[in-house]
Number of protein chains: 2
Amino acid sequence: MFQAVSKTLSAASTTLVCRGVLIRCYCKKTPTKLRVSRALSGADLGASVKVQGWVRSVRPQKANLFLHVNDGSSLQPLQVVASPELNDPLLTFGSAVEVTGILKKSPHKKQSVELEADQILVVGECDPVDFPFKIKERHGLEYIRQYPHLRCRTNAFSSLLRIRSEATTAIHSYFKENDFVQIHTPIITSNDCEGAGELFQVEPSGPEIVEDEYFFSVPTFLTVSGQLHLEVISGAFSRVYTFGPTFRAENSQSRRHLAEFYMVEAEISFTQSIEDLTKVMEDMFKSATEHVLAHCVEDVDLFHKHVTPGHRDTVDAMMKNTFPVITYTEAVDILNRSSEKFASPAGWGCDLKTEHEKYLVKHCGNIPVFVTDYPYDLKPFYARDNQDHPERTAAAVDLLVPGVGELCGGSLREERLDLLRARLEEAGLEDTYSWYLDLRRFGSVPHGGFGLGFERYLQCILGVDNIKDVIPFPRFSHSCLL
Amino acid sequence: MFQAVSKTLSAASTTLVCRGVLIRCYCKKTPTKLRVSRALSGADLGASVKVQGWVRSVRPQKANLFLHVNDGSSLQPLQVVASPELNDPLLTFGSAVEVTGILKKSPHKKQSVELEADQILVVGECDPVDFPFKIKERHGLEYIRQYPHLRCRTNAFSSLLRIRSEATTAIHSYFKENDFVQIHTPIITSNDCEGAGELFQVEPSGPEIVEDEYFFSVPTFLTVSGQLHLEVISGAFSRVYTFGPTFRAENSQSRRHLAEFYMVEAEISFTQSIEDLTKVMEDMFKSATEHVLAHCVEDVDLFHKHVTPGHRDTVDAMMKNTFPVITYTEAVDILNRSSEKFASPAGWGCDLKTEHEKYLVKHCGNIPVFVTDYPYDLKPFYARDNQDHPERTAAAVDLLVPGVGELCGGSLREERLDLLRARLEEAGLEDTYSWYLDLRRFGSVPHGGFGLGFERYLQCILGVDNIKDVIPFPRFSHSCLL
């Protein structure tokens, strides 16, 4: 029926012929869809845009209606200014909207850009009575944790998710820039690593299972570490890493433990000493943290200002200082000389407890500290024997950090076939690990590696007390929501 | 005993006083440690370097000893040239070495750089009789699959691992550049997604389990998809994705199925139509493939030349053409009109079989093809009803690709509370999924998403027939090695 006959003056004005009558239409250009973060950047001032998101505040005033709209792309919402006529009872906190209008410089100090709306469409309602989060209220982390399917709609948890995503990127970038190859180590494994106990077993569900038969022909478990599989690959690749979920069936409700958590693990061939590992650990920590601080300024500020005020100073101190290195023996000396009353006294040959780790961190100036050369008997079969009789230590290292305690654990691996075989034979494991011995039979090299608990890392840089608040869907004993 | 008194001429020459006697030492600078890929780049010609890696060939000749050394940083090894005196019976295929010397321009056509060695140190022996891979032999993928702990030491599998790592990077980069937030969706879940059957159940191993009690208080499973959890987050973030392991307890030995495999899944809020999804699927596929082809030239060539000769043409055709889109109804018509004899005849209302998918791909010119709008009754509860009576289809889409068949599956999600509730009630699932209904009660938006099977993607671009050859540690029924 309509037929465009000519375009005149500008794309916005078109002359049409309709049943023989000339009509000039001042058609608007289709507005450009913009994400909130882009709209806020100020790059599109004057443009006709459409923004889609969720309402974070509604302020109807006499002369104007003010909205804040967010789409997850930034903590800061976009301010929408509209005529009061555009108000609608469905425009509530949490409702989903499409707003079209012109991006303008804002006269207010709080933001540099605002959207002058000529249309506001509510695409998804949100009953403010039933919705568990209320406008203008700052809900505590514990409260929002009760709503695992909705908590991403709060400022604090959406900031956490952006930080977690960016930290993940930063860690991958660090390894990429340093020539590490990423390996997807398996989740289901037939080895019960380190005989650690506290394993989850995996079998098909449902009635079709025959009792004495395994799906994989052998008992299988969820991995507790990708290390041994990384060591397989490090027999041909001198730098490899993995970043994925690991599991512990620990019956613990602690603020530092989850049944499912993420680990970053790296393995480096041709290592000379523990320093080859501590260098990578410290570099990775600092490089990732620098990236997060630079790329998530507002989101990190939310934590450093509202969740753990003052934590920024702790983070700055971590970034500024070289992480000190002490031996386990020195650590035990420090603990024994201290006036602190520990629940468990420290003694050479015993594992350091969390209270000891926290004391050592404070003793070293509340910055991360490496503890090296643990008693040989405390460490798993793969840790390299320092052969330092009579003490006998292993070339193992932990990184202890403020607030959290143990963040990383690593070691040089026993690359000497005879020593490794002797230790496995002593434990009756030489058949189970014959494939692991093969790695030493064929082109063995001095190597080592470490693992970092990713959630603990986030706790450490953000100052978050409970590990459940730094993972999207926490799993722990008696709780697996959704 | 020695004391440096002056540095003369150059850093390489130092004058020392030893017991009163002047000695001029032509001390060498400490050689720089270089990775093979860096040494091959030619940036360090003339430098004194140390290269550490594994021997891939040994050719003792009258005038010279030639070695090839590799450290996983590239497919191409570094050629080492040394005096025959430096030969050693321990210098065998697979042994680990440290070579120091000077990087020189190579007079040979095969390489531009070689290392003129003045020292070769065997750090790890490798008995050529016991080692399952033999010098100068090209072992088939099936043969090397028997040695999961050693197969990364072959050219083909080390190329695969580099490609897999690079493809992972490429996929993360695609999403990052397009403002998606990465979400770690959980591995252990209490929902038995889609009632899919074929789930793995998870419980702690060991004697301490009480029969009628669950560790998480409810039965828990390994995830078959992160979709529902991504949908949770897409209620506040308009673009999210996840890239991680997923599981199926399928009793299958097929060349396209694994019990543990990786999926890339994305969820996009404020979608208008299926095209919003197909655009992202096609863009991601092409962007990742372009990246891999550009960054893994030699590694991809190995597959395109030696594993599936001619496959490069197929890949080039995929990259050059826009992926056609046909509806399921059109697809069934095409199948019914074809002269091909299918094992199962195609009929409207039945799922497409692999043979149908492969035929459709060939029919469309052996390039990827989208099939949309499947029968409503074939799709899970979350697929959006097209309300196109009398046919009744759902807004779902699959991407079918050469050689593999189904690579991606996606759909618009039913965002309308009343329709979703009715369907869940019909299935008796409204209580189980009350949290999912909440997502529609509070600020629901039109949205959709898709999943891509990462191993199938690698099979597709490399032309690898068996899915077990594109994952480091394949898990399938009756097999969970290491």
Student: With a 4.5 angstrom heavy-atom cut-off, could you sort out which part of A:Y262 is near chain B: side chain, backbone, both or neither?
Tutor: side chain
Student: Is there a side-chain contact (heavy atoms from CB on, under 4.5 Å) between B:Q201 and A:E203? Walk through the geometry before answering.
Tutor: CA-CA 6 Å; B:Q201 195 158 352; A:E203 277 304 322; over 6 Å; no
Student: Between A:P186 and chain B, with a heavy-atom cut-off of 4.5 Å, which part of the residue counts as in contact: side chain, backbone, both or neither?
Tutor: both
Student: Determine, for A:E166 against B:K176, whether the closest basic-nitrogen to carboxylate-oxygen distance falls under 4.0 angstrom.
Tutor: yes
Student: Any donor-acceptor pair under 3.5 Å linking the side chain of A:S444 with the backbone of B:G124?
Tutor: no
Student: Side chain, backbone, both or neither: which part of A:T168 has a heavy atom under 4.5 Å from chain B?
Tutor: side chain
Student: Non-hydrogen atoms of chain B under 4.5 Å away: do they reach the side chain of A:V36, the backbone, both or neither?
Tutor: neither
Student: For each of B:S37, B:S95, B:P472, B:S173, tally heavy-atom pairs with chain A at distances under 4.5 Å, and name the one with the top tally.
Tutor: B:P472
Student: For a quick test of reading the model, state the closest non-hydrogen atom pair linking B:I233 to A:C152 and the distance between them.
Tutor: CA-SG, 3.8 Å
Student: Can you tell me which portion of A:F175 sits under 4.5 Å from chain B's heavy atoms? Options are side chain, backbone, both or neither.
Tutor: neither
Student: Given the options B:H184, B:H478, B:R162, B:E415, which has more heavy-atom pairs under 4.5 Å with chain A than any of the others?
Tutor: B:H184
Student: For a quick test of reading the model, state the closest non-hydrogen atom pair linking B:S238 to A:R35 and the distance between them.
Tutor: OG-NH2, 2.7 Å
Student: In terms of heavy-atom pairs under 4.5 Å with chain A, which of B:P128, B:S217, B:P446 leads?
Tutor: B:S217
Student: Taking A:D130 first and then B:R441, would you say they form a salt bridge - that is, a charged N and a carboxylate O separated by under 4.0 Å?
Tutor: yes
Student: Can you measure from CZ (B:F215) to OG (A:S477) and round to the nearest 0.5 angstrom?
Tutor: 5.0 Å
Student: A:Y436 versus chain B, heavy atoms under 4.5 Å apart: side chain, backbone, both or neither?
Tutor: neither
Student: Flag the one option from B:V123, B:I188, B:T220, B:V445 with the top tally of heavy-atom pairs under 4.5 Å to chain A.
Tutor: B:I188
Student: Compute the centroid of each ring, for B:W54 and then for A:F270, and state whether the two points are separated by less than 6.0 Å.
Tutor: yes
Student: Pick one of side chain, backbone, both or neither for B:H149, based on which atoms fall under 4.5 Å of a heavy atom in chain A.
Tutor: both
Student: What part of B:E231 gets closer than 4.5 Å to chain A, counting heavy atoms only: side chain, backbone, both or neither?
Tutor: neither
Student: What part of B:F454 gets within 4.5 angstrom of chain A, counting heavy atoms only: side chain, backbone, both, or neither?
Tutor: side chain
Student: Less than 4.5 Å to any heavy atom of chain B: does that hold for the side chain of A:R239, its backbone, both, or neither?
Tutor: both
Student: If I measure from the heavy atoms of chain A, does B:I183 come under 4.5 Å with its side chain, its backbone, both, or neither?
Tutor: side chain
Student: Answer with side chain, backbone, both or neither: which region of A:L481 has an atom nearer than 4.5 Å to a non-hydrogen atom of chain B?
Tutor: backbone
Student: If you apply the rule side-chain contact (heavy atoms from CB on, under 4.5 Å), what do you find for B:L482 with A:V232, and how did you get there?
Tutor: CA-CA 10 Å; B:L482 314 191; A:V232 163; 4.0 Å; yes
Student: Taking every non-hydrogen pair under 4.5 Å, which of B:G72, B:G235, B:G94 racks up the most with chain A?
Tutor: B:G235
Student: Would you find a donor on one side and an acceptor on the other, under 3.5 Å apart, between the side chain of A:R475 and the backbone of B:I187?
Tutor: no
Student: Go through the atoms of A:S479 and report whether side chain, backbone, both or neither lie under 4.5 Å from a heavy atom of chain B.
Tutor: backbone
Student: Side chain, backbone, both or neither: which part of B:F221 has a non-hydrogen atom closer than 4.5 Å to chain A?
Tutor: side chain
Student: Do the two ring centres, one from A:F216 and one from B:F200, sit under 6.0 Å apart?
Tutor: yes
Student: Measuring only between side-chain heavy atoms, which start at C-beta, is A:F237 closer than 4.5 Å to B:D71?
Tutor: no
Student: Please look at B:P219 and chain A and tell me whether the side chain, the backbone, both or neither of the residue comes under 4.5 angstrom of a heavy atom of that chain.
Tutor: neither
Student: Looking at A:T185, A:L222, A:V218, which has the largest count of heavy-atom pairs under 4.5 Å with chain B?
Tutor: A:L222
Student: Hey, does the side chain of B:S190 reach the backbone of A:C480 with a donor-acceptor pair shorter than 3.5 angstrom?
Tutor: yes
Student: Side chain, backbone, both or neither: which part of A:P474 has a heavy atom under 4.5 Å from chain B?
Tutor: neither
Student: Considering only heavy atoms, which portion of A:E260 lies under 4.5 Å from any heavy atom of chain B: side chain, backbone, both, or neither?
Tutor: side chain
Student: Locate the shortest heavy-atom distance separating A:A96 from B:G443; write the atom from each residue and the value.
Tutor: CB-O, 3.7 Å
Student: Below 4.5 Å from any heavy atom of chain B, which atoms of A:F247 appear? Answer side chain, backbone, both or neither.
Tutor: side chain
Student: For A:S269 and B:Q52, run side-chain contact (heavy atoms from CB on, under 4.5 Å): C-alpha distance rounded to whole Å, both residues' side-chain angles, the deciding distance at 0.1 Å, then the answer.
Tutor: CA-CA 9 Å; A:S269 294; B:Q52 301 165 307; over 6 Å; no
Student: Around atom CD of A:E125, are there more than 12 heavy atoms from other residues, nucleotides or ligands closer than 6.0 Å?
Tutor: no
Student: Check each atom of A:L439 against the heavy atoms of chain B and say whether the ones under 4.5 Å are side chain, backbone, both or neither.
Tutor: both
Student: Considering only heavy atoms and a distance below 4.5 Å, find which of B:A259, B:S165, B:P148 pairs most often with chain A.
Tutor: B:S165
